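Written below as structure tokens is the structure these notes are about.
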Amino acid sequence: LYRPVYTHAELYIGADADGSPRLLEAVTEDVATPRGPVAAVPIEESLAGRNADRADVFRLAGGLHADDRTRMMEWARRTAARGLPFRTAELGDIYRAWLLWDAKTDRPRDAAEFQQIVDELRARLRTSNAYDCATLVWHAYLDNTSAHIDLATPNRVLLGGAMKNESPRFAAIFLPLVILPDSFALSGKLQRVSQ
């Protein structure tokens, strides 16, 4: 659907009791550590620590208020302890919606079915019973800053592949519902501090 620069996102949550730095991450079952797919892991056990050719570190431009940081770290530790599953991508739903879109009229062929897909995607995005890597980081900020920090808005990810010529109207409907690691990097709300 697009050509990513970033393919994974993790959240630094500080050190554990013995001083080892931890990352909160969501990964698929096949690459999860024994801690589970949504877990706080030492950096060297994280997906990036084990598999990345490169990892960039970002921080919130302008910083994070101390109270928000405290809430976020408490939320991260509670979330890691819940034993949550990985949330699979909604590519099938997006593809179904794309097939319903009439390029000539720039609207859905079946408005009710199209809206049902949009509503299901929005509901899944808002749930907190499973996460993918991007929705985990997105929820960490959004849920713990009284919704003041939405790292995926604006979502400037450019569609590619079969959808590269899709209408701006279709993209405006779906980009807010599809949060990817590049959504954060392109939002303008983070600054890269190291590579």
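Values in this document were obtained by computation on a predicted structure and should not be read as measured data.
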Next on the checklist: Quick check for you: to the nearest 0.5 Å, what is the distance between Glu120 atom CD and Arg124 atom CZ?
Outcome noted: 6.0 Å

Checklist entry - Passes side chain to side chain contact (heavy atoms under 4.5 Å, CB included), Asp182 versus Thr7? Steps please. => result CA-CA 7 Å; Asp182 279 350; Thr7 57; over 6 Å; no

Next on the checklist: Can you confirm whether Arg87 sits close enough to Cys133 that some side-chain heavy atom of one is under 4.5 Å from a side-chain heavy atom of the other?
Outcome noted: no

Checklist entry - Within a reach of under 6.0 Å around CG of Asp53, are more than 12 heavy atoms found that belong to other residues, nucleotides or ligands? => result no

Next on the checklist: Quick one, Val118 and Glu113 - any side-chain contact, counting heavy atoms below 4.5 Å?
Outcome noted: no

Item to check | Gap between atom CG of Leu64 and atom CG of Asn144 - 0.5 Å precision | outcome: 9.0 Å

Checklist entry - Going only through I, L, V, M, F, W and Y residues with side-chain contacts under 4.5 Å, is there a path from Tyr12 to Met72? => result no

Checklist entry - Between Phe184 and Phe58, does a side chain to side chain contact (heavy atoms under 4.5 Å, CB included) hold up when you go through it step by step? => result CA-CA 9 Å; Phe184 308 149; Phe58 289 85; over 6 Å; no

Checklist outcome for this item: Contacts satisfying salt bridge (Lys or Arg N to Asp or Glu O under 4.0 Å) that involve residues 134-157 (not counting sequence neighbours) are none

Checklist entry - Is the count of non-hydrogen atoms from other residues, nucleotides or ligands lying under 6.0 Å from Arg50 atom CZ greater than 12? => result yes

Checklist entry - Which atoms form the tightest heavy-atom contact between Arg109 and Leu99, and what is the distance? => result NH1-O, 2.7 Å

Next on the checklist: List the residues meeting side-chain hydrogen bond (donor to acceptor under 3.5 Å, both in side chains) with Arg107, not counting sequence neighbours, and say none if there are none.
Outcome noted: none

Checklist entry - Can you tell me how far OG1 of Thr88 sits from CG of Asp132, rounded to the nearest 0.5 angstrom? => result 9.0 Å

Checklist entry - If every non-hydrogen atom of Gln191 is compared with every non-hydrogen atom of Ala61, which pair is closest and at what distance? => result OE1-CA, 3.7 Å

Item to check | Donor-acceptor under 3.5 Å (Arg22 side chain, Ala15 main chain) | outcome: no

Next on the checklist: Rounded to the nearest 0.5 Å, what separates atom OH in Tyr131 from atom CG in Leu125?
Outcome noted: 10.5 Å

Checklist entry - So, does Ser183 use its side chain to make a donor-acceptor pair with the main chain of Ile179 at under 3.5 Å? => result no

Next on the checklist: Show me the pairs that pass ring pair (Phe, Tyr, Trp, His ring centres under 6.0 Å) and involve residues 104-130, at least two apart or across chains.
Outcome noted: Trp101-Phe114, Phe114-Phe174

Next on the checklist: If you apply the rule side chain to side chain contact (heavy atoms under 4.5 Å, CB included), what do you find for Arg54 with Tyr6, and how did you get there?
Outcome noted: CA-CA 10 Å; Arg54 166 184 141 205; Tyr6 297 102; 3.5 Å; yes

Checklist entry - Judged by atom type as modelled, is there a donor-acceptor pair below 3.5 Å linking the side chain of Lys189 to the main-chain atoms of Pro154? => result no

Checklist entry - Considering all heavy atoms of both residues, which atom of Asp106 and which atom of Ser167 are nearest to each other, and what is their separation? => result OD1-OG, 2.6 Å

Checklist entry - Is the backbone of Ala152 close enough, under 3.5 Å, to the side chain of Ser187 for a donor and an acceptor to pair up by distance? => result no

Next on the checklist: Given 3.5 Å as the limit, does a donor-acceptor pair link the side chain of Asn155 with the main chain of Val178, or not?
Outcome noted: yes

Next on the checklist: Pair Glu25, Val41 - check side chain to side chain contact (heavy atoms under 4.5 Å, CB included), show working.
Outcome noted: CA-CA 8 Å; Glu25 70 174 359; Val41 297; 3.7 Å; yes

Checklist entry - Would you say His8's side chain and Ala52's backbone share a donor-acceptor pair under 3.5 angstrom? => result no

Checklist outcome for this item: Smallest heavy-atom separation, Ala39 atom then Gly36 atom, equals CB-O, 3.7 Å

Using distance only, find each side-chain donor-acceptor pair of residues 77-84 under 3.5 Å and give its atom names and separation, not counting sequence neighbours.
{"residue": "Arg77", "atom": "NH2", "partner": "Ile13", "partner atom": "O", "Å": "2.9"}
{"residue": "Thr79", "atom": "OG1", "partner": "Trp75", "partner atom": "O", "Å": "2.8"}
{"residue": "Arg82", "atom": "NH1", "partner": "Ser128", "partner atom": "O", "Å": "3.1"}
{"residue": "Arg82", "atom": "NH2", "partner": "Ser128", "partner atom": "O", "Å": "3.1"}

Next on the checklist: Check for me, please, whether Tyr95 and Leu121 land in the same ILVMFWY cluster - side-chain distances under 4.5 Å, paths through other members count.
Outcome noted: yes

Checklist entry - Given the rule that I, L, V, M, F, W and Y join up when any side-chain heavy atoms are under 4.5 Å apart, are Phe170 and Leu180 in one cluster? => result yes

Item to check | Closest approach of Ala171 to Pro176 (non-hydrogen atoms, all atoms of both residues) | outcome: O-CD, 4.1 Å

Item to check | Single-linkage hydrophobic cluster Leu24~Ile43, side-chain heavy atoms < 4.5 angstrom | outcome: no

Item to check | Residue pair Asp68, Thr145: steps toward the side-chain hydrogen bond (donor to acceptor under 3.5 Å, both in side chains) verdict | outcome: CA-CA 6 Å; Asp68 292 337; Thr145 63; 5.5 Å; no

Checklist entry - Looking just at side-chain N and O atoms, do Asp67 and Thr70 make a donor-acceptor pair shorter than 3.5 Å? => result no

Next on the checklist: Do Leu151 and Leu136 sit in one hydrophobic cluster, given that two such residues count as connected whenever their side-chain heavy atoms are within less than 4.5 Å of each other, even indirectly?
Outcome noted: yes

Next on the checklist: Could you measure the distance from the CG atom of Leu177 to the CZ atom of Arg122? Nearest 0.5 Å is fine.
Outcome noted: 5.5 Å

Checklist entry - Between CG of Leu23 and CD of Glu45, what distance do you get to the nearest 0.5 Å? => result 10.5 Å

Checklist entry - What closest approach, in Å, do Val157 and Leu175 show between heavy atoms, and which atom pair accounts for it? => result O-CD1, 3.4 Å

Checklist entry - Does Ser20 have any side-chain hydrogen bond (donor to acceptor under 3.5 Å, both in side chains) partners at least two apart in sequence or in another chain, and if so, which? => result none

Checklist entry - Residues sharing Val27's hydrophobic cluster, by side-chain heavy-atom contacts under 4.5 Å among ILVMFWY, directly or via others? => result Val31, Leu47

